[in-house]
Number of protein chains: 2
Amino acid sequence: MGDRPGHDRRAGSSEPPNHLLYLTDDQLRTGIEAMFFAYRGFTAAPDAILQDKDYGRAHHRALHFIHRSPGTSINNLLGILGVSKQSLNRVLRTLIADGMVVSRVGTEDKRERHLYLSEEGEALERELSDAQRDRMRSAYRAAGPAAVAGFRRVLEAMMDEDMLRHYEALGPRGRP
Amino acid sequence: MGDRPGHDRRAGSSEPPNHLLYLTDDQLRTGIEAMFFAYRGFTAAPDAILQDKDYGRAHHRALHFIHRSPGTSINNLLGILGVSKQSLNRVLRTLIADGMVVSRVGTEDKRERHLYLSEEGEALERELSDAQRDRMRSAYRAAGPAAVAGFRRVLEAMMDEDMLRHYEALGPRGRP
DNA sequence: TTTTAATGTCAACAAGGCTGACGTATTTTG
DNA sequence: CAAAATACGTCAGCCTTGTTGACATTAAAA
């Protein structure tokens, strides 16, 4: 297990080749901790806004992806969010009841519902994503363009196939 | 608000300077989505292991940081994890009852408790972090050392002061 | 026409957050 | 030394968000 190819555990063994120093257990552990702490910073801004309103992080996620893919179906959204339909439904129900989200019966396939944000929904989404982008922007700016490219590359390598598909399907200018 | 210095909203405005193209709203949005999808990949492996046992992600976090800072106090752990003492207590109680974590009364200050992992706790922690590191390692390897450096730099810039303090206090070879 | 797919919804439950309120050592301070 | 502050532990209750199971509806597909 310790000598699985490319699996350099680095515990009391001999030194690793210099070009693999970044794969050290210590480096990996630090990366894990960085993800943990950074994710808190990542969600802090929108969470603070949501505290006052009657919504939570789950609502934010739904708003974000409906904004990104106007007209998306429930099934597509389920795949993106990776939750059960019952969980999503509970969130969507409140958003629809509050007039943030509009659900229209599909034109081609009338079993499907197409989801859109209302004006009000767009406004809330904008408020949340502005706050989150501000945080992201200052991090990007502090780190610089080269670091940002690396950041993206590692995150993309961290996704499994399923997520990567959804991530790429959103593309540079999201389509339903 | 649109022309706050360095706040290039890029919505229907003129082109941004070339050297700031990475601060585009589109780029930031993609980074946000990358974080969202990647975090799922990040927690997937340990979550899968925990599903069988009677523990959850919160237990994993406690195990991780006690492993990293043997002898840590409750208060320190609270700061790292950023949860209420009641939340942490619930998790710690089960871990202590199961013999995964040992709590010793402080030597200098007898009000404090010092937390350690038992042999069994170390074993579980190892199982979980091995799985998570495997995932991390393959992402690191796929992205390469330069990307990893950028990844870390952006994540660190994303933390707020409080988290950064805890993150750095853990250091390269964690101390209590 | 039967089957399958997409969706909504009800019920029940669990994990893991939170706050408020106490109780108890123990250390610090005035 | 007495009073206050600190570091816990714990009980109770509540919220969000996740889960599974079951059942109904509608409409597309075979």
Side-chain angles (χ1 to χ4, degrees), chain A residues 36 39-40 43-44 46-66 71-98 101-115 176, chain B residues 36 39-40 43-44 46-66 71-98 101-115 176:
Chain A
F36 171 71
Y39 200 79
R40 293 239 295 277
T43 57
D47 281 1
I49 294 175
L50 288 163
Q51 216 168 6
D52 305 324
K53 335 228 170 202
D54 277 353
Y55 300 129
R57 212 177 279 184
H59 300 84
H60 178 201
R61 290 197 277 261
L63 290 172
H64 176 102
F65 287 109
I66 296 173
T72 181
S73 70
I74 303 276
N75 243 355
N76 180 47
L77 203 51
L78 282 176
I80 289 174
L81 296 173
V83 299
S84 66
K85 72 172 177 176
Q86 293 92 331
S87 261
L88 176 57
N89 184 261
R90 176 170 38 198
V91 166
L92 280 182
R93 209 182 331 176
T94 73
L95 288 172
I96 291 172
D98 294 350
V101 168
V102 179
S103 167
R104 291 189 202 136
V105 174
T107 48
E108 290 202 358
D109 187 331
K110 291 177 186 163
R111 289 171 303 180
E112 292 183 348
R113 308 302 145 91
H114 295 207
L115 302 172
Chain B
F36 171 72
Y39 201 79
R40 292 240 295 277
T43 56
D47 281 1
I49 294 175
L50 288 162
Q51 217 167 5
D52 304 324
K53 333 228 171 203
D54 278 352
Y55 300 130
R57 211 177 279 185
H59 300 82
H60 178 200
R61 290 197 278 261
L63 290 172
H64 176 102
F65 288 108
I66 296 173
T72 181
S73 71
I74 302 277
N75 245 353
N76 180 47
L77 203 51
L78 282 176
I80 291 175
L81 296 173
V83 299
S84 67
K85 73 170 176 176
Q86 294 91 332
S87 266
L88 176 57
N89 184 261
R90 176 170 39 198
V91 165
L92 279 183
R93 208 181 334 178
T94 71
L95 288 173
I96 292 172
D98 294 351
V101 169
V102 179
S103 168
R104 292 189 202 137
V105 175
T107 48
E108 291 203 358
D109 187 333
K110 290 177 187 164
R111 291 170 303 179
E112 292 182 348
R113 305 302 144 94
H114 294 199
L115 302 172

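Please read these numbers as outputs of a predicted model, since none were measured by experiment. Each chain gets a letter, A, B and so on, in the order the sequences are listed, and its residues count up from 1.
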Take Arg93(A) and Arg57(B), find for each the nucleotide of DNA chain C with the closest heavy atom, and name the residue whose nucleotide sits nearer the 5' end.
Arg93(A)

Taking the side chain of Ile74(A) as heavy atoms from C-beta outward, which of dT17(D), dC8(D), dG8(C) is closest to it?
dG8(C)

Gap between atoms CG and P, on Leu50(A) and dT17(D) respectively (whole Å)
9 Å

In whole angstroms, how far is the P atom of dT16(D) from the CZ atom of Arg61(A)?
14 Å

Can you check the His60(A) NE2 to dT16(D) C1' distance for me, whole Å?
16 Å

In whole angstroms, how far is the C1' atom of dT7(C) from the CG atom of Asn76(A)?
14 Å

Distance (rounded to the nearest 0.5 Å) between Ile96(A) CD1 and Arg113(A) CZ:
9.5 Å

Are any of the side-chain heavy atoms of Ile74(B) and Lys85(B) separated by less than 4.5 Å?
no

Is the phosphate of dT16(D), meaning OP1 or OP2, less than 4.0 Å from a side-chain N or O of His59(A)?
no

Polar atom pairs between nucleotides 25-28 of chain C and protein, under 3.5 Å, N or O only, would you list them?
| from | atom 1 | to | atom 2 | distance (Å) |
| --- | --- | --- | --- | --- |
| dT27(C) | OP1 | Lys110(B) | N | 3.4 |
| dT27(C) | O4' | Arg111(B) | NE | 3.4 |

Look at the side-chain N and O atoms of Asn75(A) and state whether any lies under 4.0 Å from the OP1 or OP2 oxygen of dT7(C).
yes

Given atom CG of Asp47(A) and atom P of dG16(C), what is their separation to the nearest angstrom?
18 Å

May I have the distance from Arg90(B) (atom CZ) to dC18(C) (atom C1'), rounded to whole angstrom?
9 Å

Any N/O pairs under 3.5 Å between the protein and nucleotides 19-22 of chain C? List them or say none.
| from | atom 1 | to | atom 2 | distance (Å) |
| --- | --- | --- | --- | --- |
| dG20(C) | O6 | Gln86(B) | NE2 | 2.8 |

Distance in Å, His64(A) NE2 paired with Leu81(A) CG, rounded so as to fall on 0.5 Å steps:
10.0 Å

